[in-house]
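Okay, structure first, notes after.
We name chains A, B, ... by the order of the sequence lines, and we start the count at 1 in each one.
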Amino acid sequence: MKTIFDDIQQSVQQAFPSLFGCEVELHSITINETLKEFEGDITLVVFPLLKLSKKKPEETAEIIGKFLIENHASIASYNVIKGFLNLVLKDDFWISFITSTNKPTIPSKNETVLIEYSSPNTNKPIHLGHVRNNVLGYALAGIFKANGYPTIKANLINDRGIHICKSMLAWQKFGNGETPENAGMKGDKLVGKYYVEFDKHYKQEIENLIQQGKTKEEAEKQAPIFLEAQAMLLKWENGDQEIVDLWKRMNAWVYAGFEKTYKNLGVDFDKYYYESNTYLLGKDIVDEGLQKGVFYKKENGSVWIDLSADGLDEKLVLRADGTSVYITQDLGTADLKYKDFKMNRSIYVVGNEQDYHFKVLKLILQKLGRPYADGIQHYSYGMVDLPSGKMKSREGTVVDADDLMDDMIVAAKEQTEALGKIDDFSEEEKQALFKTIGLGALKFFLLRVDPKKRILFDPKESIDLHGYTGPFVQYTYARTRSILRKAIEIKTSETTQNFSNYQLHSTEKELIKTLYRYAIVLGDSCKEMNPAKLVDFAYELAKTFNKFYNDCPILAAQKEEEKYFRLLLNEQSGETIKKCFAIVGIDVPERM
RNA sequence: GGUCGCGUAGCUCAGGGGAUAGAGCAACUGCCUUCUAAGCAGUCGGUCGCACGUUCGAUUCGUGCCGCGAUCACCA
């Protein structure tokens, strides 16, 4: 979208030769929004132009200011303070932005974006770390979509491997036929329980072996239960019916559990990949790489790639026994994704602990000459810490996703009921509202921070509904809806109004300027792949709206045209908040 | 040790060559007979980790140092 900022920047560039006798590059024309403490809407910083203008800052600013006022219908006046040229736009410009019925639409792009996110292991339930991944992945996909990109959400489920066998084995040995049904437990929780159970026995056996004089490393490799798990994996890979049946049965439990959590969280996927289907695909690529001389084989038969020229190390791509490692599978899956979707960009939403892995993955695919390799991007986000420190599954300090959502909803319920504004709601309406608020708080809390940075999750703070929070923004939306309902009640919805002589109140103008930024922020949040930008904007809009709400009576406005204009602002503020939140996956209530 | 990331108010975070560095929380003060007070307005709070350098101008860019974290498996 072309903004007034772009407009002014371009016309200054075009006029520059006639004003100063030389060309100027677009990027040295610095245009900002004017700071609140100065008069004006747009500020041009002239310092970078002085070398070309060969004049003093004030003089340069004057020349440009005079030119703009003569050649730009939207500019009402200007003032110069030091090297800053502050431009005041006519109220007309802002008013017509609000009243114009044909808003510019975002053109659709023909660049397909595939976003892989979530990608859980089937041996443990989803926890807070995964919640950040899910919320971020969903929001990112929403942002690409809103910017016109065909977008595919993919989930690669890690459903095989030694770790899966561990929970299977523990269930087989100690489970006594326990099922989600007879235990009254979600399937993913049940399987997770047996993963922990395995670890308990494994540790005990290691302990015993060390007592018998083995070293720790020997003990870890020789513990009987570990050997059993390895044997089970081998059986699984050979298609042993009993093991495969058990695997299918337990995985079905997990999927049922995950689906429930996903549904609650409000995330979804267009495509599921399963590592059990893709883990063999990478082996062909290993052969191809050997033929092309990209990989090499060591004496023991293991296959490697030497990335030391690229500042990395040597990296194993196939084990000596011919079985796949993590990266082998990822190579295969990358090919499969391209076969399925021919995407231009392939984004992996994966924690920053895997930065190295994804560097290697991309580099290998580039060396193999894959057409999609350059479009691979690791969307690397920071870990989630608790006030007590890191989350560690082994130490039981993880925050479970289902419990977390329940807690948030309960907190929303308590605080909402205390205010007593929704006593006339039905039970279902209440439940829906508590969920909207609770999850809104949670998602906003996770999205408001720069994805690249690690996050400190303080439960107390996350449950807060005041200030820089999701519920604050939701509340503001509900306010706009409340006013709209009242306006309809008193039948003040005539639309044919002429605002050409309308005098903007300063708070109205501030609100319009904020609304004007929506399209810019939406584009930026996509370019920078940063949902926090959009979420923060929604907050700023809500804040500005609340100020407007306080300063400017809407339905009780003095003049009719004031009332109608403010109703327009009210409606557009609400709609914009709703759009922002919908893009990142946060619901918004009609009343709260 | 190598590589990568991060150090901004008591706490959680924005900002990212340009004017006097911003929000929220916490603490304190005002504002509901008037459109939802989950709100608004205000007070308090900063050597932008430290040092050099580049620049008309550095919290922002570069280098070094200090502190914190991640990663460097025939784990995923």
Side-chain angles (χ1 to χ4, degrees), chain A residues 30 32 34-38 43 45-48 50-51 57 81-84 86 119 121 123 158 161-163 275 298 300-304 311-313 315-327 329-330 350-357 359 380 382-383 385 387 390 412 415-416 418-419 421-422 437 441 445 448-450 452-458 460-462 464-476 478-487 490 532-533 536 539-540 542-543 545-557 563 566-567 570 591-592:
Chain A
T30 314
N32 297 325
T34 306
L35 299 185
K36 282 199 179 116
E37 52 268 42
F38 299 98
T43 295
V45 187
V46 301
F47 292 111
L50 299 182
K51 271 184 191 146
I81 300 171
K82 294 196 267 180
F84 300 92
N86 299 320
S119 304
N121 284 341
N123 62 348
N158 185 334
I162 187 77
H163 49 294
E275 283 197 2
K298 284 196 178 173
N300 67 1
S302 56
V303 181
W304 296 73
L312 305 175
D313 306 318
K315 189 81 191 169
L316 177 91
V317 293
L318 196 71
R319 290 194 190 101
D321 63 5
T323 57
S324 302
V325 288
Y326 182 36
I327 199 136
Q329 311 179 20
D330 270 3
V350 178
N352 64 9
E353 55 196 351
Q354 294 194 35
D355 284 356
Y356 184 79
H357 171 78
K359 255 185 211 166
S380 166
M383 299 288 101
D385 290 333
K390 280 188 214 171
Q415 298 188 52
T416 303
L419 293 175
K421 293 181 183 178
I422 55 152
I437 297 173
F445 190 86
R448 70 182 204 187
V449 180
D450 184 336
K452 291 191 288 293
K453 294 193 177 165
R454 55 191 311 129
I455 224 175
L456 184 78
F457 188 85
D458 185 343
K460 270 197 226 102
E461 202 185 322
S462 70
D464 194 355
L465 312 181
H466 305 262
Y468 191 19
T469 66
F472 169 90
V473 181
Q474 290 172 323
Y475 174 76
T476 308
R479 266 186 160 172
T480 68
R481 302 303 289 173
S482 170
I483 287 178
L484 214 59
R485 280 192 300 271
K486 287 228 163 78
I490 57 176
K533 281 264 152 83
D536 182 66
Y539 167 74
E540 272 182 45
K543 216 167 69 136
F545 177 82
N546 282 326
K547 191 180 172 192
F548 161 75
Y549 179 88
N550 234 262
D551 293 355
C552 304
I554 300 169
L555 297 172
K563 182 158 73 182
R566 287 174 184 174
L567 272 170
N570 175 71
R591 278 180 61 192
M592 71 185 271

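Scored by the side-chain hydrogen bond (donor to acceptor under 3.5 Å, both in side chains) test, A:Asp536 finds A:Tyr468 as partners (sequence neighbours excluded).
When heavy atoms are screened at a 4.0 angstrom cut-off, A:Thr469 is found touching no nucleic acid atom at all.
B:A21 sits 14 Å from B:C13 when the C1' atoms are compared, rounded to a whole Å. For B:A23 and B:G15, the P atoms lie 15 Å apart once the distance is rounded to whole Å. Using C1' as the reference atom, B:G16 and B:A58 are 10 Å apart when rounded to the nearest Å. B:A9 and B:A14 have their C1' atoms separated by 13 Å, given to the nearest Å. A gap of 45 Å separates the C1' atoms of B:G18 and B:U34, to the nearest Å. Taking the C1' atoms as reference points, B:G64 lies 36 Å from B:G24, given to the whole Å. Nucleotides B:A19 and B:C11 place their P atoms 26 Å apart, quoted to the nearest Å. Rounded to the nearest Å, the gap between the P atom of B:C44 and that of B:G10 is 15 Å.
Atom NZ in A:Lys315 sits roughly 18 Å away from atom P in B:U3 (whole-Å rounding). Computed from coordinates, the A:Phe548 CZ to B:G39 P distance equals 18 Å when rounded to whole Å. The separation between A:Glu353 atom CD and B:C4 atom C1' is 14 Å, rounded to whole Å.
Distances shorter than 4.0 Å separate some side-chain N or O of A:Lys486 from OP1 or OP2 on B:U36. Residue A:Arg479 has a polar side-chain atom (N or O) positioned under 4.0 Å from OP1 or OP2 of B:A37. Residue A:Lys453 has a polar side-chain atom (N or O) positioned under 4.0 Å from OP1 or OP2 of B:G7. At B:A73, none of the side-chain N or O atoms of A:Tyr356 fall inside 4.0 Å of OP1 or OP2 (strictly under the cut-off). Within the 4.0 Å cut-off from OP1 or OP2 of B:G24, not a single side-chain nitrogen or oxygen of A:Tyr468 is found. For B:C75, the OP1/OP2 oxygens have a side-chain nitrogen or oxygen of A:Arg319 closer than 4.0 Å. Between A:His466 and B:G24 there is no side-chain N or O to OP1 or OP2 distance below 4.0 Å.
Position along RNA chain B of the nearest nucleotide to A:Pro553 versus A:Val325 favours A:Pro553 as the more 5'-ward residue. Annotation: of the two residues near RNA chain B, A:Arg454 and A:Thr43, the 5′-most nearest-nucleotide partner is A:Thr43.
Considering CD1 of A:Ile455 and NZ of A:Lys453, their distance stands at 11.5 Å, rounded to 0.5 Å. The CZ atom of A:Phe84 lies 9.5 Å from the OG1 atom of A:Thr30; values are rounded to the nearest 0.5 Å. For the atom pair CE (A:Met592) and CD (A:Gln415), the distance works out to 9.5 Å, reported to the nearest 0.5 Å.
Of the charged side-chain nitrogens involved, at least one lies within less than 4.0 Å of a carboxylate oxygen, so that A:Asp450 and A:Lys452 count as a salt-bridged pair.
For A:Asn550, taking side-chain heavy atoms from C-beta onward, the closest of the listed nucleotides B:C40, B:A23, B:A14 is B:C40. With B:A38, B:C56, B:C35 as the candidates, the nucleotide lying closest to the side chain of A:Ile554 is B:C35. Of the candidates B:C13, B:A38, B:A14, B:A14 carries the atom nearest the A:Asp450 side chain, counting heavy atoms from C-beta on.
No N or O donor and acceptor, one from the side chain of A:Asp551 and one from the base of B:A41, sit under 3.5 Å apart.
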_Dot-bracket pairing map - RNA chain B, Watson-Crick plus G-U, both contacts under 3.5 Å, | cross-strand_ = (((((((..((((....[...)))).(((((.......))))).....(((((..]....))))))))))))....

